[in-house]
**Q** 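Please read through the structure below; I'll follow up with questions.
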Amino acid sequence: MESSELKAKLIAIVSREKIDFEKFDVFPSAKKEFGDFSTNLAFKIKKKDRIINAEQLVSLIQSNKWIQENFEKVEERKGFINFFLKDTHIYATIKEILSKKDAYGKSLSKKGSVLIEFVSANPTGPLTIAHGRQAAFGEALSRILMHSGWRVTKEYYLNDCGRQIELLGISLKAHYLRKRGMKANIPEDGYHGEYLKEIAEKIPDGYETKDAKFFEDFAKQEILKIIKDDLKEFGVYFDSWFSESELRKEGKVEEIINILQEKGLIYEQDGALWFKTSLYGDDKDRVLRKRDMSYTYLAPDIAYHENKIKRGYDMLINLWGPDHAGYVTRIKAAASVLGFSPDRLKIIIVQLTTLYRGKEKISMSTRKGQFITLKQLMDEVGPDATKFFFLFRRADSHLDFDLELAKKKTEENPVYYIQYAYVRAKHIIEFAKEKGITEKDVFSADFSLLKEEPEIEILKKLKKFPIIVEQASRTLEVSNIAHYILDLAGSFHSYYQKFRVVDANIKISCSRLALVECLMSVMGKSLELLGISKPEKM
RNA sequence: GCGCUUGUAGCUCAACAGGAUAGAGCGUUAGCCUCCGGAGCUAAAGGCUGUGGGUUCAACUCCCACCAAGCGCGCCA
């Protein structure tokens, strides 16, 4: 039973009596003494009808046959109406999880197609922790969206041309020449990081006279390789790599400027071309083409978004860093000019991560090559802990990442707490198998033997999983899942301590094993959604 | 100065589209290992949700002002 089902029924009951009401909610009860579902319907009855008070409303509801069939009890409390499900509903959850397994919580309704673009770091250096947070978030969000019925495409937008790339080429050439004892200056705003020196070493002798373009391409290729390797190690995969230089080669940037021009949204001033974004809520208009005829970042980016829109997705999601926050209005302006409702373009700003080593803040400077890379973080902390810390916090909040804490394999570290719960459940099931209890025994167990309070509590939490997934996909927020699973792991650890699962009483053992099986399945699925590994042993 | 984000227990964070007595973990204090893995469990203490107003039957949540922190405010990307 879902809250939407109950809500529909309540609407029917109240409408039949011609009672006027405002929009109301039916939601899973906050506490167990409030039952399974609660509604604020009594508050939402229009004032002129307040002759009907909550108590009268309750008796009206109680008199309904469907309600009587499904609920043990309906009661009013402080104006809320609480519904207590019959036990059969709660035990039905077990059957559902056991039979659906991995598909539990998967939405049956198809929600459409979505393109999610994230990381999209310039191929001028290795991925940093900021990219790491985006990568973890984007991957997890994609999995959640898929589980809730979206068709998801993950895309990496490659800014593989422009000034930064030129600088990269020049810098690499300088590194290369210096290696050979020649004088060469690395531009002030060029790239000084160690990784470029390493790349320079891969180029054999005899390329001294090659032009900057050669070095540019070489650097791009090598760095892209590094990026892809890091992502792979981090467990993040892209369906598509979209190249900006291809876009330019095909003349898409000129095309988009023409389109905007035809719509009268472009004008020339001081030798530059301006886009009238101020018509769409921006504080001022923005330059698309500079006086020197080269494009700003915005122009190809609009062309890129036009391309995404043309590909026909129902929703577009971009993950951006906080430095792009001011950019949201501009790109949404472009989207709406191109006939794509800005509501369908979701831009999630993934906030900064500050690294700490204990109390000490680690400062970073990207250009100078003083930064912690994702790779270093993974090597030190491990991919699972890294991901969990990134995902536990809401994307739009600043994150303080304590390296020391993340490294600890103790109770202070929630990753291990969760993984330990999973392994524990797995182990119990294996133990039961050794004792000769089969899957069939468990599946056909009498679930109504699960009468202990913690058992009911766990069942209710398991029942909530589909709602949590749905909510995460609606709000595009991943941290809910992380919190949910931590909570579930806690309930299980506590239960384990109090009750023996595999016991002398075979009947109880089987029904408890069913519960553990469900726990393992849902914990495993949650870990999977977050992209965190499910260990066999610890 | 303007804009965006954030402000909740000592610390790190929750709170489902405004709902009931604001919840976890860590840390602190006091306990629990003959038994399915103690990387675990039980319990206690800990709060004027940054401040002040407003809207509402109901505000951590919405609105206004202020305070504090971070980021942005280029014909850079």
Side-chain angles (χ1 to χ4, degrees), chain A residues 23 25 27-31 33-34 38-40 42-44 47 50 77-80 82 122 124 159 162-165 189 269-274 283-284 286-298 300-301 321-329 349 351-352 354 359 389 392-394 396-402 405 408-421 423-432 434-435 464 467-468 470-472 474-475 477 479-480 482-484 486-487 490 492-503 509 512-513 516 537-538:
Chain A
K23 204 177 127 223
D25 291 313
F27 45 91
S29 304
K31 296 187 171 190
E33 63 233 62
F34 300 157
S38 303
T39 181
N40 55 3
F43 292 116
K44 301 292 180 185
K47 287 216 168 96
R50 274 280 161 83
R77 190 152 158 173
K78 289 194 176 170
F80 291 90
N82 298 324
N122 292 1
T124 52
N159 295 119
R163 180 67 188 147
Q164 292 309 314
I165 297 291
D189 50 355
Q269 193 185 316
D270 304 330
L273 276 191
W274 297 72
D283 14 314
K284 57 175 188 174
R286 304 291 165 175
V287 170
L288 289 180
R289 197 181 65 203
K290 297 180 250 176
R291 207 176 331 180
D292 67 2
M293 297 304 277
S294 68
Y295 297 111
T296 61
Y297 180 71
L298 183 59
D301 217 28
D323 50 335
H324 283 67
Y327 208 77
V328 174
T329 328
I349 301 292
Q351 283 293 342
L352 285 182
T354 314
K359 290 258 176 263
F389 276 80
F392 194 63
R393 187 81 156 105
R394 294 173 54 92
D396 56 13
S397 297
H398 306 264
L399 172 70
D400 288 336
F401 193 117
D402 183 351
L405 174 63
K408 280 188 193 164
K409 299 198 172 180
T410 66
E411 66 242 33
E412 288 175 62
N413 191 332
V415 189
Y416 298 99
Y417 184 84
I418 292 167
Q419 289 185 325
Y420 183 53
V423 171
R424 193 170 236 182
K426 203 176 177 64
H427 196 267
I428 291 174
I429 287 161
E430 274 157 21
F431 179 83
E434 282 168 27
K435 294 268 177 192
K464 255 172 94 174
I467 300 169
I468 300 283
E470 178 60 35
Q471 184 193 324
R474 194 184 62 234
T475 57
E477 187 49 72
S479 60
N480 302 324
H483 287 278
Y484 171 77
L486 187 62
D487 183 48
F492 174 54
H493 280 311
S494 168
Y495 175 66
Y496 172 87
Q497 210 77 27
K498 274 188 221 141
F499 300 92
R500 219 187 137 76
V501 176
V502 183
D503 198 77
S509 297
R512 287 185 177 167
L513 278 165
V516 172
K537 271 184 196 165
M538 291 183 75

**Q** Check whether any side-chain N or O of Arg424(A) sits under 4.0 Å from OP1 or OP2 of rC36(B), and answer yes or no.
**A**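 The answer is no; no side-chain N or O of Arg424(A) sits under 4.0 Å from OP1 or OP2.
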**Q** Could you list the residues that satisfy salt bridge (Lys or Arg N to Asp or Glu O under 4.0 Å) with Arg394(A), not counting sequence neighbours?
**A** Asp396(A)
**Q** Can you tell me if the side-chain N/O atoms of Tyr417(A) get under 4.0 Å from OP1 or OP2 in rG38(B)?
**A**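 Indeed not, no polar side-chain atom of Tyr417(A) lies that close.
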**Q** Asp487(A): which residues meet the salt bridge (Lys or Arg N to Asp or Glu O under 4.0 Å) condition with it, sequence neighbours left out?
**A**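 Checked Asp487(A) against salt bridge (Lys or Arg N to Asp or Glu O under 4.0 Å); matches are Lys461(A).
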**Q** Using the side-chain heavy atoms of Gln471(A), tell me which of these nucleotides is nearest: rC41(B), rC16(B), rA15(B).
**A** rC16(B)
**Q** Nearest whole Å is fine: how far is rA15(B) P from Lys31(A) NZ?
**A**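 That distance rounds to 17 Å.
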**Q** If you only use heavy atoms from C-beta on, which nucleotide in rG40(B), rG19(B), rA15(B) is closest to the side chain of Phe43(A)?
**A** rG19(B)
**Q** Could you check how far NE2 of His483(A) sits from P of rA15(B), rounded to whole Å?
**A**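 It is 6 Å, rounded to the nearest whole Å.
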**Q** Sequence neighbours excluded, which residues qualify as ring-ring contact (aromatic ring centres under 6.0 Å, His included) partners of His493(A)?
**A**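 ring-ring contact (aromatic ring centres under 6.0 Å, His included) list for His493(A), sorted by chain: Tyr417(A), Tyr420(A).
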**Q** In whole angstrom, give the distance that lies between atom CG of Asn40(A) and atom C1' of rA17(B).
**A** 12 Å
**Q** Could you tell me which residues satisfy ring-ring contact (aromatic ring centres under 6.0 Å, His included) with Tyr295(A), sequence neighbours excluded, listed by chain and number?
**A** none
**Q** Base, sugar-phosphate or nothing for Lys435(A)? Non-hydrogen atoms, less than 4.0 Å.
**A**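 If one applies the 4.0 Å heavy-atom cut-off, Lys435(A) turns out to touch nothing in the nucleic acid.
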**Q** Ignoring hydrogens, what is the shortest heavy-atom contact between Asn480(A) and Ala472(A)? Give both atom names and the distance.
**A**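 Heavy-atom minimum between the residues: ND2-CA, 3.8 Å.
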**Q** Checking contacts here: which listed nucleotide (rC36(B), rC16(B), rC13(B)) is nearest the side-chain heavy atoms of Arg474(A)?
**A**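 For Arg474(A), the side-chain atoms sit closest to rC16(B).
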**Q** Roughly, in whole Å, what's the span from CG in Leu399(A) to P in rC13(B)?
**A**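 Distance check: Leu399(A) CG to rC13(B) P gives 7 Å.
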**Q** Is the shortest side-chain N/O distance from Arg512(A) to OP1 or OP2 of rC36(B) below 4.0 Å?
**A** no
**Q** Side-chain N or O of Arg393(A) less than 4.0 angstrom from OP1 or OP2 on rC13(B)?
**A**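 Answer is yes, contact under 4.0 Å.
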**Q** Phe34(A) ring centre to Arg77(A) NZ or CZ under 6.0 Å, with the angle to the axis within 45°?
**A**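 No, cation not above the ring by the 6.0 Å, 45° rule.
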**Q** Nearest to the side chain of Tyr327(A), which nucleotide is it out of rU5(B), rC36(B), rA77(B)?
**A**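 Nearest nucleotide to the side chain: rA77(B).
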**Q** Give the rounded distance in Å between these two atoms: CG of Asp396(A) and P of rU6(B).
**A**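 To the nearest whole Å, that distance equals 5 Å.
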**Q** When you compare the protein's N or O atoms with those of nucleotides 69-75 of chain B, which come within less than 3.5 Å of each other, and at what distance?
**A**
unit_1, atom_1, unit_2, atom_2, d
rC75(B), O2, Arg291(A), N, 2.7
rC75(B), N4, Asp270(A), O, 3.1

**Q** Can you find an N or O donor on one side and an acceptor on the other, under 3.5 Å apart, linking the side chain of Ser479(A) with the base of rA14(B)?
**A**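 No.
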**Q** Would you say the side-chain atoms of Ser294(A) and Asp292(A) include a donor-acceptor pair closer than 3.5 Å?
**A**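 A donor-acceptor contact under 3.5 Å links the two side chains.
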**Q** From the options rC57(B), rC35(B), rA77(B), select the nucleotide whose nearest atom is closest to the side chain of Lys44(A).
**A** rC57(B)
**Q** Looking at rA20(B) and Phe80(A): do their rings stack (centroid distance under 5.5 Å, interplanar angle under 30°)?
**A**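 Yes, aromatic ring over the base.
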**Q** Thr475(A) side chain: which of rC41(B), rA17(B), rA39(B) is closest?
**A**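 When the side chain of Thr475(A) is considered, rA17(B) is the closest of rC41(B), rA17(B), rA39(B).
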**Q** Of the listed nucleotides (rA14(B), rC16(B), rC41(B)), which one gets closest to any side-chain atom of Ser494(A)?
**A**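 Nearest nucleotide to the side chain: rC41(B).
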**Q** Output all residues satisfying ring-ring contact (aromatic ring centres under 6.0 Å, His included) with Tyr484(A), sequence neighbours left out; order by chain, then residue number.
**A**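 Result, ring-ring contact (aromatic ring centres under 6.0 Å, His included) vs Tyr484(A): Phe465(A).
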**Q** For RNA chain B, what dot-bracket results from Watson-Crick or G-U pairs at under 3.5 Å, with [ ] for crossers and | for inter-strand partners?
**A** (((((((..((((.....[...)))).(((((.......))))).....(((((..]....))))))))))))....
**Q** Among all residues two or more places apart in sequence or in another chain, which pass the side chain to side chain contact (heavy atoms under 4.5 Å, CB included) test with Val423(A)?
**A**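 Checked Val423(A) against side chain to side chain contact (heavy atoms under 4.5 Å, CB included); matches are Pro535(A), Met538(A).
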**Q** Under 4.0 angstrom, heavy atoms only, what part of the nucleic acid is Ser294(A) near: base, sugar-phosphate, or nothing?
**A**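 No contact.
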**Q** List in chain and number order the residues that pass ring-ring contact (aromatic ring centres under 6.0 Å, His included) with Phe27(A), two or more places apart in sequence or in another chain; answer none if no residue qualifies.
**A**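 Once residues adjacent in sequence are excluded, Phe27(A) has no partner under the ring-ring contact (aromatic ring centres under 6.0 Å, His included) criterion.
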**Q** Closest to the Val502(A) side chain: rC36(B), rG38(B), rA20(B)?
**A**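 Looking only at heavy atoms from C-beta outward on Val502(A), the closest nucleotide is rC36(B).
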